[in-house]
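The structure under discussion appears below in the form of structure tokens.
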Amino acid sequence: MENLKIILTLFKDTPDLIIRPISKRFFDIYVIYIETLCSGDRVNTYILNHLTLPGKRNQNIKKILTGPNFKNIDITEAEKYLCLGFCLILDGDDIYAIETKAELDRSIDEAKVEPAIFGPKDAFVENYQKNIGLIKRRIKSRHLKIKEKTLGRYSQTTTGVIYLDNIVKEYLVKEILNKLNTIDTDSLTSSGELKQFLVDENKNVFPAMKLSERPDTIVKSLLDGKVVILVDNSPFAIILPAVLADFINPTVDSYVNSLNTNFLKFLRIICFILTIVTPAVFIALTNYNPETIPSELLMNIATQRRGIPFPAIFEAILMLFVCELLRESDIRFPNAYGSAVSLLGALIIGESAVSSGLVSPIMIIVIALTFITSLIFNEVEINGAVRAWRFIYLLFASFLGLYGLALAFIFMLINLCSYQVYTLSYMFPVSPFDLSYLKETLIKVKRKKQNMRSKFLTDNIRKQV
Amino acid sequence: MKKIILVFIIFLLSGCFNYKEVSDLAFISGFGIDYLNDNFHIILEVQENDEETSSYLLEGSGRTIESAIQNASLSFNKNLYFINLDILLISSEAANKKLPNILDYVTRDNNFSFNFNIAICDNQKHAMENILNKKEIFGRYINSLFKNTDTNVINIKLDKLLNHYLNDKYDIILPVFNIIEDNIIINEAVIFKNKQIIDTLNEREMALYNILNNNQKDYYLTLENNIVFRTSHYYTTIIFKKNTLYIMPTLTGTFMEFESLELNNESKIKEITNKVNEEFNSELDTFIKKIIQNNSDPLGFKRLTKIKDLPNIKYHINTKIMLENKSLIFKSVGDNS
């Protein structure tokens, strides 16, 4: 009775707490669970059916109760187990916990953020155990290790650090676990939130780790010697460390012919450069170095700019601002409104802006090129970094022309080369140069030639192809 | 924060030093310079991209080129921009008297590129108006004339002209615009000696000049019986050995027209080829003699031979004419017939 009183005190004003007394020969036992977290069917099948059967009523509880997860716990753990969807049975001074968790999550769905035409279609869901299962289905090895932590004082979120112990460099796991140990937060609801604890945000706008919803991407990263963190209630896993080359080249490239893929990889690098520098180059060339533009084109630009009241830089910033607004509203709005926003956007940045004399048609082409090239990155963080650098380039180009552009380029290069992500340079595998990881990311070679792991990520560099 | 403020201050203090707004620029495509009565008279063709007018002309006079340009732009609301200049026309008077000043001006002013053509034209306004009336931009039209490989125009750009002008062992050469029946024709070139015009080259001589300079323009030679030999490509080597200048052009081409050529007769073809060789040799010999007698050196012989007076030079012409493989079509046609 003492235990019951404690539980009642702890869960005062909890209307979904169900306490079901069942009478035994000399005293009552209590079945306690939180209705909203537990499955009524399981409570019936695993517990109530057995306890209320006339023949079994007086038998030892341990012997009659079924259920895959059965534990004898202490009163101090009662709160935790009740919140985890366990059903508690108070039998005198003994407390038993049986897992009767309700299925509150969705079933495994197709990858929506990182779709692949020929790759596997399944993606992580919010259920931590299912996500672990998706990885374990692909790596059937005893070397796959998971170190779990519970983070968040209120949320008590299970977080798993996953790695292959014979491939990963030990210091990386230690460093990550050390960082996780230092986290003391009220709640941790998603992997995106955890990401911010693992890296110093003010250091660089480029993301230091990659989020992925694809189990195959995670498996490939684990086999490369990287560490993956899974967070309960989050359909994205964190891969770390991640470098710039990882964002430009998705894992789905490995499902396509190498020659065709190399063209796409080259295209993506060009797109990465174009999306950052296009408006800046246009401003620098038209305002400072028009001699570099063929005279026919220059005449057309001059004619189109006639009657525009603003300088070209203002025009560019205005259009970039409008496009960012459109992108943001398109993401935030429900899908039903999506087409309306796109239509409105097309009207504003298309015909109307030109005919009203706010911007020139050539600027629309420049901004359209900038945004089309940015669409190849599905990672929000890299898009954010690209946006920030786009404005830095624009600022330099608008004040100093091509000279400013060169300065901004040097500034970016220094920034990227000096950015260390868990001892790995962000420009890896270009600087420091590493051919084996280059073959994994920036270029694709025949599978037979991809027989080495990067020595920067693992000591176990030999791999079977 | 301090760093960001510092960067902004640096930008605001040092930025925008050569900022230009393209819509405020007047793009000059053609530029004519004449020199009369101790005054420069200039004429500028300003490009327009309107549907109605392709370009229009501005004129001005002054004691210096700069003052003439200033006078021309007095009533004009845009900044004159010479970077896209296509052609600089110099009158023969200006070329004889003020060529150093003109070259000095266009080289010093960083508003000019080094990529425009230079030619001699005495009736600049007429020439420009002629093209303008056809709703074409004069500078671009002339540019396309120079690029046309079917004609044997001598193409001289500022960098090449300066290179020869500043070199003691070269004399300069410039193409000449003539207006015949309202058409602009570049059928002459003037050669200079000591920076003064001394002689004129005709169309055939311009073609030979191009061959000796490997300029890869089309060259044709008409023999008796109206047989026409036309080059597809050529290469000339000029070397100086044992006090003799060896000029060795190799011309590869084909017979374009023929009346009495026996197509299936190889020895006849060989004979005609030798005839081409002889004709070309004699034409080239006449041209070289003309150059040497004038003691003018647009081909850089002085640089090769280190001889100061060209009339004393010994030379030998060794021409090689090669029929292209596709000329064998004659043979096969002949066989079948």
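If you're wondering where the values come from, they're calculated on a predicted model, not measured in any experiment. So you know, we letter chains A, B, ... as the sequences are listed, proteins then strands, and number each from 1.
Counted within 6.0 Å of NZ on B:Lys3, heavy atoms from surrounding residues, nucleotides or ligands total 12 or fewer; the atom is thus considered open.
Neither the backbone nor the side chain of A:Tyr403 comes within contact range of chain B; no heavy atom of the residue lies under 4.5 Å from a heavy atom of that chain. With a threshold of 4.5 angstrom between heavy atoms, A:Ile293 approaches chain B through N, CA, C or O but not through any side-chain atom. For a residue to count as touching a neighbouring chain, one of its non-hydrogen atoms must lie under 4.5 Å from one of that chain's; by this rule B:Phe11 touches chain A with backbone and side chain alike. Interface remark: B:Phe82 contributes no atoms to any contact with chain A (heavy atom separation under 4.5 Å). Both the backbone and the side chain of B:Ser14 come within less than 4.5 Å of a heavy atom of chain A. Heavy atoms closer than 4.5 Å to chain B are found nowhere in A:Ser360, neither backbone nor side chain.
Between A:Phe314 and A:Phe310, the ring planes are tilted. Angles from 30° to 60° get that label.
Between the B:Asp104 side chain and the B:Pro100 main chain, no donor and acceptor come within less than 3.5 Å of each other.
Between the CZ atom in A:Phe396 and the CZ atom in A:Phe409 there is a gap of 13.5 Å [rounded to 0.5 Å].
Between B:Lys125 and B:Glu45 there is no salt bridge, since none of the side-chain N atoms of the basic residue sits less than 4.0 Å from a carboxylate O of the acidic one.
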